[in-house]
S.K.: 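Here's a structure for you.
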Amino acid sequence: MKRPSSGDKPLVLTQGDPAGVGILTTLNAWPVLRESRHLALYLRGDTKVFQDTARRFSCKTPIVEIGHPDEACVAFRDGLPIIPSGETLDITPGKADPRSAAGIITSIKQAVGDVWDGHASAVVTNPISKNLLYAAGFKFPGHTEFLAHLAGELTNGPAPLPIMMLVGGGLKVALATIHIPLMTVAAHLTQDLLHEVCEITVDALKHDFGVETPVLGVCGLNPHAGEAGTIGSEDEDVIVPVIEQFKARGLSVVGPRPGDTIFHESLNGAYDGVVAMYHDQGLIPVKTLDIWGGVNVTLGLPFVRTSPDHGTGYDAAAQGKVRCESLISAIKLAKSMAQNRSKQT
Ligand SMILES: NC(=O)c1ccc[n+]([C@@H]2O[C@H](COP(=O)([O-])OP(=O)(O)OC[C@H]3O[C@@H](n4cnc5c(N)ncnc54)[C@H](O)[C@@H]3O)[C@@H](O)[C@H]2O)c1
Ligand SMILES: N[C@H](C(=O)O)[C@H](O)COP(=O)(O)O
């Protein structure tokens with residue numbers, strides 16, 4: 001699958017939910033980032049929403065409408081560059097508006113198209129409200145699966161398996177399963193799935209994070225990683241055989257390790273990354289350690305994508321009291337990953 005290799009191009013941000021925190025966090029991130037060397041970005045979205053929000057909360061960030069991504073590097077020094085994505089709405093911060101669903105999706109599609117066409121080096125997505133999009137007929141659990149679908153369309157092939165990874169607090173944690181009910185996790189955990197998740201994660205640690213010989217820790221599913229098969233069978237029947245396959249290839253994959261100690265071990269340098277078996281098993285440690293600096297990364301795509309680790313935060317958006325550290329971390333990580341990836345091609 002072709003990988004765009006345009007590490008020196010600007011980053012493209014999606015607008016996200018126009019009533020969510022993404023608007024003001026993006027406006028507040030600009031003065032922090034504008035002096036960063038070798039970094040430029042632009043956004044695909046509704047200029048009016050950014051102008052209205054800046055005015056409402058007395059934000060001084062200038063907004064610079066541009067017509068093409070190639071204008072972003074110069075424009076970024078003077079303000080937040082925005083390419084209008086076509087939808088214009090009167091939005092009240094914190095008040096979700098179902099009419100915004102189309103524009104949210106359009107912005108994501110345009111941003112992915114820019115990266116695929118080589119005009120941008122990575123996509124950074126602002127938060128969306130899943131239930132608002134579901135109500136509008138959105139058929140995907142979230143960005144992660146939608147971006148994989150778009151990648152399949154772009155490559156005229158099957159959608160790649162997207163892996164959600166949370167980076168923060170000194171941890172890199174990839175998930176074997178994502179937005180599925182907890183009671184169905186065991187049924188979803190097959191050797192084939194876990195093998196592909198580990199393969200993609202090892203590849204990303206090498207090519208996106210620049211780890212030459214990564215060590216991957218794999219979390220058990222059951223307490224005490226199944227206690228040698230006496231507390232559930234998945235650890236022995238599914239996880240152990242997969243790890244044995246990687247070891248047979250000379251790759252450093254360790255486990256299954258108990259979920260209550262693997263993150264401590266990783267923080268102490270035992271692993272460059274961890275694979276957790278389900279959403280909260282992996283996200284709780286990262287968000288507990290670093291809720292404001294954590295970054296959501298999608299692995300397995302033919303382009304780099306990061307996102308803040310928080311959601312639309314409607315209550316914070318309504319008050320205009322938002323924190324932009326997670327967005328800034330997502331932007332900086334996207335830049336670093338795109339540069340590492342472009343060195344590989
Ligand atoms: N990256 C994403 O797109 C993403 C991530 C998580 C959740 N979501 C979606 O967002 C919606 C709301 O989810 P939620 O309420 O569970 O989580 P949330 O992160 O939106 O909010 C949790 C709490 O954190 C606060 N908060 C969030 N971001 C903030 C910021 N930048 N500054 C200050 N305070 C902030 C919120 O106001 C709220 O009190 C849901 O539809 C969910 O699916 C999206
Ligand atoms: N679980 C994700 C997080 O906490 O960041 C969130 O739902 C975002 O998912 P998508 O990136 O697939 O929208």
Side-chain angles (χ1 to χ4, degrees), residues 13-29 32 53 57 59 93-98 100-101 104-105 107-108 111-112 123-136 138-151 159-169 171-180 182 276 278-301 304-331 333-334:
L13 270 60
T14 68
Q15 173 189 277
D17 190 317
V21 292
I23 308 300
L24 197 52
T25 54
T26 304
L27 288 164
N28 291 349
V32 177
T53 302
F57 297 116
C59 174
K95 192 175 178 188
D97 187 330
S100 60
I104 291 169
I105 293 167
S107 171
I108 297 169
V112 169
V123 178
V124 180
T125 58
N126 267 308
I128 60 173
S129 163
K130 295 175 173 49
N131 48 43
L132 182 139
L133 293 188
Y134 296 161
F138 189 67
K139 302 295 185 203
F140 304 90
H143 282 108
T144 302
E145 296 81 1
F146 182 46
L147 293 165
H149 166 76
L150 294 177
L161 175 69
I163 308 296
M164 182 177 292
M165 173 185 267
L166 265 289
V167 178
L171 295 171
K172 292 185 181 71
V173 183
L175 304 179
T177 63
I178 313 178
H179 292 125
I180 62 173
L182 193 56
Y278 57 92
H279 185 278
D280 284 358
Q281 187 184 56
L283 268 56
I284 288 173
V286 176
K287 292 195 177 183
T288 301
L289 289 167
D290 198 4
I291 186 71
W292 299 119
V295 178
N296 170 18
V297 184
T298 304
L299 310 180
L301 298 176
V304 170
R305 177 263 174 157
T306 66
S307 163
D309 68 354
H310 56 72
T312 48
Y314 290 127
D315 49 340
Q319 300 166 40
K321 294 176 181 170
V322 304
R323 297 186 57 165
C324 60
E325 297 97 312
S326 185
L327 176 62
I328 289 171
S329 297
I331 288 166
L333 182 58

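We count ligands from 1, going down the list as the structure has it; atoms in each ligand are counted the same way.
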S.K.: I need the minimum non-hydrogen distance between V21 and G313, along with the two atoms involved.
M.R.: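 So the two residues come closest at CG1-O, 3.2 Å.
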S.K.: Which residue owns the protein heavy atom closest to atom 10 (P) of ligand 2, what's the atom, and how far is it?
M.R.: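 Heavy-atom neighbour on the protein nearest atom 10 (P) of ligand 2: H143 N, 3.5 Å.
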S.K.: Using a strict cut-off of 4.0 Å, indicate which atoms of ligand 2 neighbour a heavy atom of D309.
M.R.: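 Answer for ligand 2: 4 (O), 5 (O).
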S.K.: Nearest 0.5 Å please: distance from the CD1 atom of I128 over to the CZ atom of F140.
M.R.: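 Rounded to the nearest 0.5 Å, the CD1-CZ separation comes out at 11.0 Å.
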S.K.: Looking only at protein heavy atoms, which one is nearest to atom 6 (C) of ligand 2, and what is the separation?
M.R.: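 Looking at atom 6 (C) of ligand 2, the protein heavy atom closest to it is K130 NZ, 3.6 Å.
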S.K.: Under a 4.0 angstrom heavy-atom cut-off, which atoms of ligand 2 come close to L283?
M.R.: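 Counting atoms of ligand 2 from 1, those under 4.0 Å from L283 are 1 (N), 4 (O).
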S.K.: Would atom 23 (C) of ligand 1 count as contacted, meaning some protein heavy atom under 4.0 Å?
M.R.: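 So atom 23 (C) of ligand 1 lacks protein heavy-atom neighbours under 4.0 Å.
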S.K.: Quick one: which ligand 2 atoms are inside 4.0 Å of a heavy atom on K287?
M.R.: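 Once the distances to K287 are compared, the set is 3 (C), 4 (O).
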S.K.: Give the numbers and elements of all ligand 1 atoms closer than 4.0 Å to a heavy atom of V322.
M.R.: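 With V322 as reference, the close atoms of ligand 1 come out as 32 (N), 33 (C).
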S.K.: List the closest protein heavy-atom neighbour of atom 12 (C) of ligand 1: residue, atom name, distance to the nearest 0.1 Å.
M.R.: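 Answer, as residue, atom name and distance: T312 OG1, 3.6 Å.
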S.K.: Which ligand 2 atoms, with their elements, are less than 4.0 angstrom from a heavy-atom of H279?
M.R.: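 Reading through ligand 2 atom by atom, the close ones are 1 (N).
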S.K.: At under 4.0 Å between heavy atoms, is it the side chain or the backbone of P308 that contacts ligand 1, or both, or neither?
M.R.: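 The answer is the backbone of P308.
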S.K.: I'd like to check atom 34 (N) of ligand 1 in this structure: does the protein have a heavy atom lying under 4.0 Å from it?
M.R.: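 When distances to the protein are checked, atom 34 (N) of ligand 1 has a heavy atom within 4.0 Å.
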S.K.: Hey, is A316 touching ligand 1 through its side chain, its backbone, both or neither, going by heavy atoms under 4.0 Å?
M.R.: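 Looking at A316 and ligand 1, atoms from backbone and side chain both fall under 4.0 Å.
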S.K.: Taking atom 6 (C) of ligand 1 as the point of reference, which of G142, A318, P127, G311 owns the nearest heavy atom?
M.R.: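 Among G142, A318, P127, G311, the closest heavy atom to atom 6 (C) of ligand 1 comes from G311.
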S.K.: Mark yes or no for whether Y134, through its side chain, and P141, through its backbone, hold a donor-acceptor pair below 3.5 Å.
M.R.: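 Indeed, once roles are kept as given, a pair shorter than 3.5 Å links the two residues.
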S.K.: Between atom CZ of F57 and atom CG of L27, what is the distance when rounded to the nearest 0.5 Å?
M.R.: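 If we round to the nearest 0.5 Å, F57:CZ and L27:CG are 10.5 Å apart.
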S.K.: Closest heavy-atom contact between L182 and Y278?
M.R.: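 Closest approach of L182 to Y278: CD1-CD1, 3.6 Å.
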S.K.: What residue and atom, counting heavy atoms only, is the protein's closest point to atom 1 (N) of ligand 1, and at what distance?
M.R.: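 Nearest neighbour among protein heavy atoms for atom 1 (N) of ligand 1, to 0.1 Å: S307 OG, 3.0 Å.
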S.K.: On a heavy-atom basis, which atom in G282 and which in L175 lie closest, and how many Å separate them?
M.R.: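 Heavy atoms of G282 and L175 come nearest at CA-CD2, 3.9 Å.
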S.K.: Give the atom numbers and elements of ligand 2 that come within less than 4.0 Å of a heavy atom of R305.
M.R.: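 Once the distances to R305 are compared, the set is 11 (O).
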S.K.: Tell me the protein heavy atom at minimum distance from atom 27 (C) of ligand 1, and give that distance in Å.
M.R.: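 Scanning the protein heavy atoms, the shortest distance from atom 27 (C) of ligand 1 goes to H310 CB, 3.9 Å.
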S.K.: Measuring from atom OG1 of T298 to atom CD1 of I178, what distance do you get when rounded to the nearest 0.5 angstrom?
M.R.: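 Interatomic distance, T298 OG1 to I178 CD1, rounded to 0.5 Å: 7.5 Å.
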S.K.: Donor-acceptor pair, distance only, cut-off 3.5 Å: does the side chain of Q319 make one with the backbone of A316?
M.R.: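 No.
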S.K.: In terms of atom number and element, which parts of ligand 2 are under 4.0 angstrom from non-hydrogen atoms of G142?
M.R.: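 Counting from 1, the qualifying ligand atoms are 12 (O), 13 (O).
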S.K.: Hey, what do you get for OG1 (T125) to CD1 (I104), rounding to the nearest 0.5 Å?
M.R.: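 Going from the OG1 atom of T125 to the CD1 atom of I104 covers 12.0 Å.
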S.K.: What protein heavy atom is closest to atom 42 (C) of ligand 1, reported as residue, atom name and distance in Å?
M.R.: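 Going by distance alone, atom 42 (C) of ligand 1 is nearest to I128 O, 4.4 Å.
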S.K.: What protein heavy atom sits nearest atom 39 (O) of ligand 1, and how far off is it?
M.R.: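 Ranking protein heavy atoms by distance from atom 39 (O) of ligand 1, first comes D315 OD2, 3.1 Å.
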S.K.: Would you say the side chains of T25 and R323 form a donor-acceptor pair under 3.5 Å?
M.R.: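 No - no donor-acceptor pair under 3.5 Å links their side chains.
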S.K.: Check whether the side chains of D309 and S326 place a donor and an acceptor atom closer than 3.5 Å, and report yes or no.
M.R.: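 Looking only at side-chain atoms, S326 and D309 do form a donor-acceptor pair, the distance falling under 3.5 Å.
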S.K.: Closer than 4.0 Å to some heavy atom of H179 - which atoms of ligand 2 meet that?
M.R.: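 Near H179, meaning under 4.0 Å from one of its heavy atoms, ligand 2 has 1 (N), 7 (O), 9 (O).
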S.K.: Would you mind checking which non-hydrogen protein atom is closest to atom 41 (O) of ligand 1, with the distance to 0.1 Å?
M.R.: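 Nearest neighbour among protein heavy atoms for atom 41 (O) of ligand 1, to 0.1 Å: K130 N, 3.1 Å.
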S.K.: Which protein non-hydrogen atom lies closest to atom 12 (O) of ligand 2, naming both residue and atom, and how far is it?
M.R.: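 Sorting protein heavy atoms by distance from atom 12 (O) of ligand 2 puts T144 OG1, 2.7 Å first.
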S.K.: If I take atom NE2 from residue H179 and atom NE2 from residue H279, how far apart are they, to the nearest 0.5 angstrom?
M.R.: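 Going from the NE2 atom of H179 to the NE2 atom of H279 covers 3.5 Å.
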S.K.: I'd like to know if the side chain of S100 and the backbone of D97 have a donor-acceptor N/O pair within less than 3.5 Å.
M.R.: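 Between the backbone of D97 and the side chain of S100 there is a qualifying donor-acceptor contact (under 3.5 Å).
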S.K.: Kindly state if atom 16 (O) of ligand 1 has a protein heavy atom within a strict 4.0 Å cut-off, that is, under 4.0 Å?
M.R.: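 Flag for atom 16 (O) of ligand 1 set to false, no protein heavy atom closer than 4.0 Å.
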S.K.: Write out the residue and atom name of the closest protein heavy atom to atom 5 (O) of ligand 2, then the distance separating them to 0.1 Å.
M.R.: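 Ranking protein heavy atoms by distance from atom 5 (O) of ligand 2, first comes N296 ND2, 3.6 Å.
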S.K.: Give the ring-plane orientation class for F138 versus F146, where under 30° counts as parallel, over 60° as perpendicular and anything between as tilted.
M.R.: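 Perpendicular, since the angle between the ring planes exceeds 60°.
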S.K.: Specify side chain, backbone, both or neither for H143, according to which of its non-hydrogen atoms lie closer than 4.0 Å to ligand 1.
M.R.: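 It is the side chain that gets close, since no backbone atom is under 4.0 Å.
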S.K.: Answer yes if a protein heavy atom lies under 4.0 Å from atom 44 (C) of ligand 1, otherwise answer no.
M.R.: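 Yes, there is a protein heavy atom closer to it than 4.0 Å.
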S.K.: Testing T312, T14, T26 for side chain to side chain donor-acceptor pair (under 3.5 Å) with N126, which one passes?
M.R.: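 Among T312, T14, T26, the one meeting side chain to side chain donor-acceptor pair (under 3.5 Å) with N126 is T26.
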S.K.: Near K321, which atoms of ligand 1 are under 4.0 Å from a heavy atom of that residue?
M.R.: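 Those qualifying, in numeric order: 33 (C).
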S.K.: Write down the atom of C59, the atom of N28, and the distance for their closest heavy-atom approach.
M.R.: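 So the two residues come closest at SG-OD1, 3.8 Å.
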S.K.: What do we get for W292 next to ligand 1 when only non-hydrogen atoms under 4.0 Å count, side chain, backbone, both or neither?
M.R.: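 Side chain only.
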S.K.: Side-chain donor-acceptor pair under 3.5 Å between N296 and T306, yes or no?
M.R.: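 No, because no side-chain N or O of N296 sits under 3.5 Å from a partner of the opposite role on T306.
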S.K.: Tell me which protein heavy atom sits closest to atom 21 (O) of ligand 1, plus the residue, atom name and distance to 0.1 Å.
M.R.: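 Sorting protein heavy atoms by distance from atom 21 (O) of ligand 1 puts G313 CA, 4.3 Å first.
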S.K.: Measure the distance from atom 31 (N) of ligand 1 to every protein heavy atom, then report the residue, atom name and distance (to 0.1 Å) of the closest one.
M.R.: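 Checked against all protein heavy atoms, atom 31 (N) of ligand 1 sits closest to R323 O, 2.9 Å.
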S.K.: For the CD atom of E145 and the CE atom of M164, what is their distance to the nearest 0.5 Å?
M.R.: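 Those atoms lie 6.5 Å apart.
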S.K.: Would you mind listing which atoms of ligand 1 come within a distance below 4.0 Å of any non-hydrogen atom of S129?
M.R.: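 Matching atoms, with element in brackets: 41 (O).
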